[in-house]
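Only one structure is covered here, and it is reproduced in the block below.
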Amino acid sequence: MTNKKNDKSTWAIGGGVIIGIGVGFFFLQKSPLAFVGSILIGLGIGLIITSIISSKKG
């Protein structure tokens, strides 16, 4: 079982979403769908980073 204090996977997912929101604000006036797409891309990147982090631990 992983130690909750040392688990950084939620940080990677949250950070990816925050970056996606930040990038999406530049596209918000042109296309709201681009804003949503940026959030989803940020989430996907965060999930990929999480899988890399978890594979290096165990």
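Along the sequence shown, residues carry numbers from 1.
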What is the distance from atom CD1 of Ile39 to atom CD1 of Ile18, rounded to the nearest 0.5 Å?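 If we round to the nearest 0.5 Å, Ile39:CD1 and Ile18:CD1 are 9.5 Å apart.
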
For a quick test of your reading: what N or O donor-acceptor pairs under 3.5 Å do the side chains of residues 43-50 make, sequence neighbours left out?
residue : atom : partner : partner atom : Å
Thr50   : OG1  : Ser9    : O            : 3.2
Thr50   : OG1  : Gly46   : O            : 2.8

Which pairs count as ring-ring contact (aromatic ring centres under 6.0 Å, His included) when at least one residue sits in residues 12-39, sequence neighbours excluded?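 Residue pairs with at least one partner in residues 12-39: Phe25-Phe35.
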
Please enumerate all residues that pass side-chain contact (heavy atoms from CB on, under 4.5 Å) together with Ser51, with sequence neighbours excluded.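 Ser51 satisfies side-chain contact (heavy atoms from CB on, under 4.5 Å) with no residue once adjacent residues are dropped.
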
Determine whether Leu28 and Val17 fall in the same hydrophobic cluster, where Ile, Leu, Val, Met, Phe, Trp and Tyr are linked whenever their side-chain heavy atoms lie under 4.5 Å apart.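 Yes: a chain of side-chain contacts under 4.5 Å links Leu28 to Val17.
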
How is the hydrophobic cluster of Leu40 composed, in terms of its other members, when Ile, Leu, Val, Met, Phe, Trp and Tyr link through side-chain heavy atoms under 4.5 Å apart, directly or indirectly?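 Noted: Leu40 shares its cluster with Val36.
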
